[in-house]
Every structure is written in C-alpha cells, then in structure tokens.
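The structure appears below as structure tokens.
If you read the sequence from its start, that first residue is 1, and numbering goes on from there.
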Amino acid sequence: RSLDAELTRIVTIDIPLVVVEYVVMFLFAAAVLSWRQPRTKALLALGCIASILLSTMAGYGVCAACGIPLTQLVFILPFILVGIGVDDGFMIVAAYRRLHYPKEAGEQPGVEKPLEGGGAVDGQDKSLPRVGSIAEAEFAAAERMARALAECGVSILYTTVTDCVAFSLGAAGSIPAIKYFCAYAAVAVALDFAFQVTLFVAVFTVDERRHAERGGSRAMPSKQGGPTEVEAEGTAEKAEKAEKAAPRTPPAAAAAGSGGGSGSGGWLLPEYSWRRHVGLVTGPSGARAVLLLFAAFVAFNGWALTNLDNDFQPKQVTPDDSYCREYYAEASEVGLFWDRQFPYQVIFREVDWGSPQVQADALELLTQDLAQDTPRTRGPLDFWLQAFLPWAAARPELAQYLNAQGHFDAAQSEEARDAFQSGVQTFLTTTPNDRFRLDVALSTGASGASGGKGAVFACKASLYHFRVATSEDKAKAMSRAYETCEKSPFTTAKATPYSQPYIFITQFMVIAPETGTNLLLSITAVLLISFPVLQDARAVLAVLVGVAAVDVDLLGLMWVWGLDLNSITMISLVMAIGLVVDYLAHIAHYFVHGKSSGFQEASPRERMVCALEDVGGAVLIGGLTTLVGVMPLAFASSFIYRVFFSLFLTIVVLGLVHGFVVVPTLLVLGQDPGTQRAVLCLSAKGAPSNGDSDVEATGGALKKGGLWNETKEDS
C-alpha cells in the first residue's frame, strides 16, 4: 500500500514539469520559426504547441473513454509527443518556405514569376496565378500551403503511420504498464497528425493572410538570394517610395510572410555546409571511416546487450524524498528484502481444515516440499496450524478430538466440528496467538465446503526465498515454488504462492522475449510501410539498418550506464523506433523522391545534397526540439523520469547521427555516379534553373562547395 501511495504521489509532484515543458517549447519554437525573419512568429509557435497540447488531451480522453487505465508511465507521454508533433510542424513550415518567388538573373522589374517548383506536375500546371490584390494574395497563400502539404504530406504521414504501428504493436503485448502506455501513445500520435494538418495549417494560413492584409510588405532579395519580408513603411507616401526603389514582387510573395529567407536547408546551415558534410561522409576515406566506426560501435553494443540484466528495484519507482526508499535501503543491507532474500506466502483457500488429511498435506507441503526440497526456499516462518495443534492438545475439551498423529479430526461428528470452529476462534483471540488474526479468514456463510459459518475459509503461511541476487535466481525461486504447489494435493488452485516481488519477477520472465518480439514486429512493420512509400530497396534497407542499429546501441549503452531491462526501459525501445524513423525517413524520402528540377538525373551525391538542403534543417531542428522538450525530465523527483531523460537524450543523438551520417553514406555508397547533373534544389538560391547543364558548365560552383574536386573520386 505504501508503494502504491508513493507511485501516485510522483504524478502530482512532477505535474509542474509538464507546464514548464510547454512554456519552454513555445519559446524555443517561436525563436526557431522567427530565425532570419523580420517578424516574430509567436502565433505560428502557439498554433504548433496548441496542436500538440490538444492532441495530448484528446488522446487521454479517448483512451479513458475506452476504459484503458491511466498509469504513472502514461504521464511521460506529453514529453514524447512534443518532439514528434513539433517535428511535423517544422516539416510543414520548411516545405512552405521552400516555395518562394526567386529573383533570378535577368528578371525584369514587374514581371511576375510562378512559385519555384511549379509548372507541370502530374500533367497539370501547378503554378500560382498572377495576383494583384490582397484577396488574390490571400488565395495565393492558401494555394501555396496546399502545395506545401502536397510536397511534405506523404513524408509526414509515412512517419506518423510508422509511429502508430510501432506503438500499436507495443499495446498488443502482455505487460500491462507497456500496453497502456503504448495504447495512449498510438492514439495521441494519430490525433497529433490530424491537428497538425488541420489546426496548425489553419493558424499558419491565417498568420500569412494577416501579414498580407497589412498591405505594406515587399519581398526583397536576401543575402542568400531568396526574398525576405520588408516591414511596411507606415504611410502611403513611404510605401510609394519603396515601390519605386525596389522591383515589384507579386503580392503573393507578401502573403508568404514566413516564406522569406532561405529554405529548409538554409534554416540553420547554408547549402555550402551541407555540400561539405556530404563530401566528408560519402567520400572514399570518409565512407570507410563511417562504416568502420559504425560497425565497431554496433558490435560493441551487441556484445554489451548480452550482459544486460532484467532486474528492477522497487525504490526506483518512489520519489527521492520517499520514506520507502530508506526502508528498502535498510532492508536490502540486512538481507531482508529483494536483493538477497524476500518473504512470500502460500495462500490456502476453500480447504476443509477440519480434515486430518488436509492438515497433514498442508504441513508436509510447507515444512518438507517447500522448505527443504525446493531450492532457495526456507520456512515456514510462522503458520497458524503449527501453533494451533499444540495449543488444542493442551486443552482437554479439544484434545479428545485429536488423532494419533496429533491432527484435529473434526469430521467424526458435529460436536467435533463445532469444537474445532469455536476452538479456532478462541485461539485467534488469545495472546500470543492473536498474531495470526490477519493470517486466517473465517467464513461468514451458513454453509459451504469449508464447514459453514465460522470455519476457516482462507489462510496463509509465510516463507522466504534466499540466495536470490540476480533476476534469474528470483525467477527460478518463484517458478519452483509454483511447481511444488502445483504437484501437491491442493494444486495452485487452492495453494497459491504470492509475494509483491512476484509482480516484478513475472515481468522478468517475459520482458526479454517480449522485447525481442516487439522489436522484430516493429522493424517488419517499418519494412512493409517503407516499401510502398520509398519504392527503393536501398533506401528501405538504409532506414531498417538505422532503426535496428539504434535499438542495439541503446540496449548496449543501457548496460554501460548500469541500467536494467524492465518495463521502463522497454518503453524507450518502442519509442526509439518511432523517433528514429522520423530522423531517417524524411531524408531517405527526399533522397528518392526529390522534387527539384533535374533531380532524378543527378548523381547520388548531388541528390543527397539536395535532400539535406530541402529537409536537413527541419530534421535537425526536430531533434533539437525533442531535446529541449525532455529537458525538464532531468529535474524530476523520480528515478523513472530521469532514466527516460537519459534514454531520450541517447535516442535523439543516435537518431541524428544515423540520419545525417550513416544513412547518407549507405544511400550514396557504391552507386554509379554516372554523368553528374546540376540540380536546382527547391530551396537553393543560385543553382541553374534546369537540369540539363552538365557538371562542366557548373564545375566551379560544385568545387567551390567542397563536395568533390575531381570526377574520378566518385568512381
């Protein structure tokens, strides 16, 4: 009962951390979305965070309405959903900002240009119409948002479905704590996607129209070559002067209030940085180093996970200031609880204790079968029947009903049965035998198999397990106790071993196989979902290798940090699949299905540069967002939440490393470079406007980027 009360108290203690988390995330999102923008994007950040908050609340409500219990671990969900939800929001913003009105060389003032990436798509002209009024600018903003969703929607849906399937498979397991958490997470992630593509998109579009309605915005070339917003001068005269001083840009560009600045790739890093990065990790020497370090790290963690124990300490689920922690620490020191030995009881129910044979079988089970013949078991420490029979033998009115073996024979007559029942009641009220009052339950019925009213309906005997230092020892001790009771005349239906640690030991026995099964099914689900979306065997394999490697690395590092495999850490493994897929899948998807002009004819390296230029910034910001979102967990009052923080930190770092280093290397490695083509990335600002220029025509620009110096390096 004390442990249950302390578990409940953890939730109330750490609730303020959720408030802190959302405040910090709002400030962080506002700062990131306002990066290189003349206006702050507080409304945009508010819409993103509000979508996450509403999806969390709706997920709790839907699951509660379905009768799914709300456990302590479920309260970690808001910290997880922030990372997933903000990542989707940033992908939408990145796609929107990539669609801008470029000012190319030779463009004449007053000549209206369609959105970059426009033109014929699926046989239809997707360029925005010419606009010349605020109403048309508002329509252009909505059209631009629609095209942005058309570009990034498949990638976001892909990662959302993968997350939901991974959590749904976890909800199909047999461990209640994991089942309930995964059920809440699957529902909340699905609702978050719905809110992001509806509420957040609506807030985004309204914010763009709000900027357009101000009527004084102009798009000017930025240092990166793309347009940025210029604040209204405030008066019609100043606006007229600005009109004469700068080339006229269609009001649709003004409607694209957050469309200014660089694209996704230039959000945090300029294109030149992505080129150098790709050249570093995919060049001959760089690729060899990446694969060697990757293989060595996975091999080490593969060996480390074989040493991983699946133990659990009850003090880990109590607050730091809990009185239970002191009790568990002292009990462990003297060997009274959990670490070295712990008590357990055999619960007898619906047994006729007036039968001499039942008494003999019970004493043999407790004193011989369990106490001597079962390894790691001693006892009984105290049993009411052992004390009652000598007590009855000392009283003439009861001694006459004892047989030659010293057992009470209440079946010989009604008087004997009445004497037995009244004798037991008297026995339980005298000192020192009153210590058994909580060990014996008397029947209140008029009749029954146990002898009617006043008969012993249920009782328990206390024993203990010893020499149980490891989880394997504990599991063997519990299993042998069950086997011994099952072989007795009572079977486990009437004689059941029980101890509070059995709850955790049962988990030990299933956690390892269930973890393996869940990970295997989740990776299989990623495979089945990825093939129709990516439609490229190499890309699918790269994603699967990345996801599997992160899980192996996470298990190995758990052993390095002294953590055990239990329900807490298993949830992190399930979450790792969902979070890591977000980091890997977006890059793989844009590498295979890039929308840039001449993309499919470009070399693998150039396609990777373009993919990172398009979504690298959004993916990187998504990872940083997750880190910021879980940062409050480092200050939690519970060991559980601090473990989640450590594992989250590991998942994000490993996911970003695999997404930006390992996956690019696997996707580019060994592919025939063919004839290199210059590619106009959706967010690039100076690349050629078509995909027909050979590398010789733009060799200077490519070499300046530092991606490669000679064509032979690609072969």
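Looking only at side-chain heavy atoms (C-beta outward), Q535 and V592 stay at 4.5 Å or farther from each other. Using a 4.5 Å heavy-atom cutoff, the side chains of V526 and V540 are not in contact. Residues I52 and Q196 are in side-chain contact: their nearest non-hydrogen atoms beyond the backbone lie under 4.5 Å apart. Side-chain contact check for V187 versus L191: some heavy-atom pair is nearer than 4.5 Å. Contact annotation: the side chain of E514 approaches that of M570 to within less than 4.5 Å [non-hydrogen atoms, C-beta and beyond]. For the pair V32/F90, a side-chain contact is recorded, criterion being any heavy-atom separation below 4.5 Å from C-beta on. Using a 4.5 Å heavy-atom cutoff, the side chains of L654 and V580 are not in contact. A heavy-atom distance below 4.5 Å is not found between the side chains of V278 and E606.
We find that E613 and R607 are not joined by a salt bridge, their nearest charged nitrogen and carboxylate oxygen being 4.0 Å or further apart.
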- Checking side-chain contact (heavy atoms from CB on, under 4.5 Å) for the pair L647/M558: CA distance, chi angles, key distance, verdict? CA-CA 8 Å; L647 296 176; M558 283 166 49; 3.9 Å; yes
- Task: Evaluate the side-chain contact (heavy atoms from CB on, under 4.5 Å) criterion for residues V630 and L649: first the C-alpha distance (whole Å), next the side-chain angles of each, then the deciding distance (0.1 Å), finally the verdict.
- Result: CA-CA 8 Å; V630 301; L649 179 65; over 6 Å; no
- Applying side-chain contact (heavy atoms from CB on, under 4.5 Å), run through W559 and T306 and close with a yes or a no. CA-CA 9 Å; W559 174 78; T306 61; over 6 Å; no
- side-chain contact (heavy atoms from CB on, under 4.5 Å) between F200 and V93: does it pass, once the steps are laid out? CA-CA 10 Å; F200 175 66; V93 173; 3.8 Å; yes
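Rounded to the nearest 0.5 Å, atoms CG (L44) and CG (L33) are 5.0 Å apart. Annotation: the span from T159 atom OG1 to M91 atom CE amounts to 7.5 Å, rounded to 0.5 Å. In this structure, C152 SG and Y590 OH are separated by 5.5 Å, a value rounded to the nearest 0.5 Å. How far OG1 of T569 is from CG of L555: 8.0 Å, rounded to the nearest 0.5 Å. Taking CG from D87 and CD1 from I621, the interatomic distance works out to 10.0 Å, rounded to the nearest 0.5 Å. In this structure, CG in L169 is found 11.0 Å from SG in C164, a value given to the nearest 0.5 Å.
Contact between L584 and V547 at its shortest, heavy atoms only, is CD1-N, 3.8 Å. The shortest heavy-atom contact between I577 and S522 is CD1-CB, 3.2 Å. Closest heavy-atom contact between V574 and A166: CG1-O, 3.8 Å. Closest approach of A539 to A588, counting heavy atoms only: CB-CB, 4.4 Å. When all heavy atoms are compared, the tightest approach of S51 to L199 is OG-CD2, 3.7 Å. In this structure, L81 and S55 approach most closely via the heavy-atom pair CD2-OG, 3.4 Å.
A donor-acceptor pair under 3.5 Å links the side-chain atoms of R605 to the main chain of T282, judged by distance alone.
Scanning for side-chain contact (heavy atoms from CB on, under 4.5 Å) contacts around A542 gives V663, L666, L667, with sequence neighbours left out. When the side-chain contact (heavy atoms from CB on, under 4.5 Å) test is applied to I529, the partners found at least two apart in sequence or on another chain are Y158, V161, T162, V165. Shown here are the ring-ring contact (aromatic ring centres under 6.0 Å, His included) partners of F645, two or more places apart in sequence or in another chain: there are none. Contacts of V652 classified as side-chain contact (heavy atoms from CB on, under 4.5 Å), with partners at least two apart in sequence or in another chain: Y583, T626, L627, L656. Remark: F660 pairs with W274 by the ring-ring contact (aromatic ring centres under 6.0 Å, His included) rule, at least two apart or across chains. Remark: D553 engages N301 in a side-chain hydrogen bond (donor to acceptor under 3.5 Å, both in side chains) (not counting sequence neighbours). In this view, A30 and A45 satisfy the side-chain contact (heavy atoms from CB on, under 4.5 Å) rule, not counting sequence neighbours. With sequence neighbours excluded, no residue forms a ring-ring contact (aromatic ring centres under 6.0 Å, His included) with H586. Every residue was checked against the side-chain hydrogen bond (donor to acceptor under 3.5 Å, both in side chains) condition with D536, not counting sequence neighbours, and none meets it.
For the residue pair E151 and Y96, no side-chain donor N or O sits within less than 3.5 Å of a side-chain acceptor on the partner.
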Could you go through residues 288-295 and list every donor-acceptor pair under 3.5 Å that involves a side-chain atom there, pairing it with any protein atom two or more places apart or in another chain?
none

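Within the structure, no pair that satisfies the side chain to side chain donor-acceptor pair (under 3.5 Å) test touches residues 651-662, not counting sequence neighbours.
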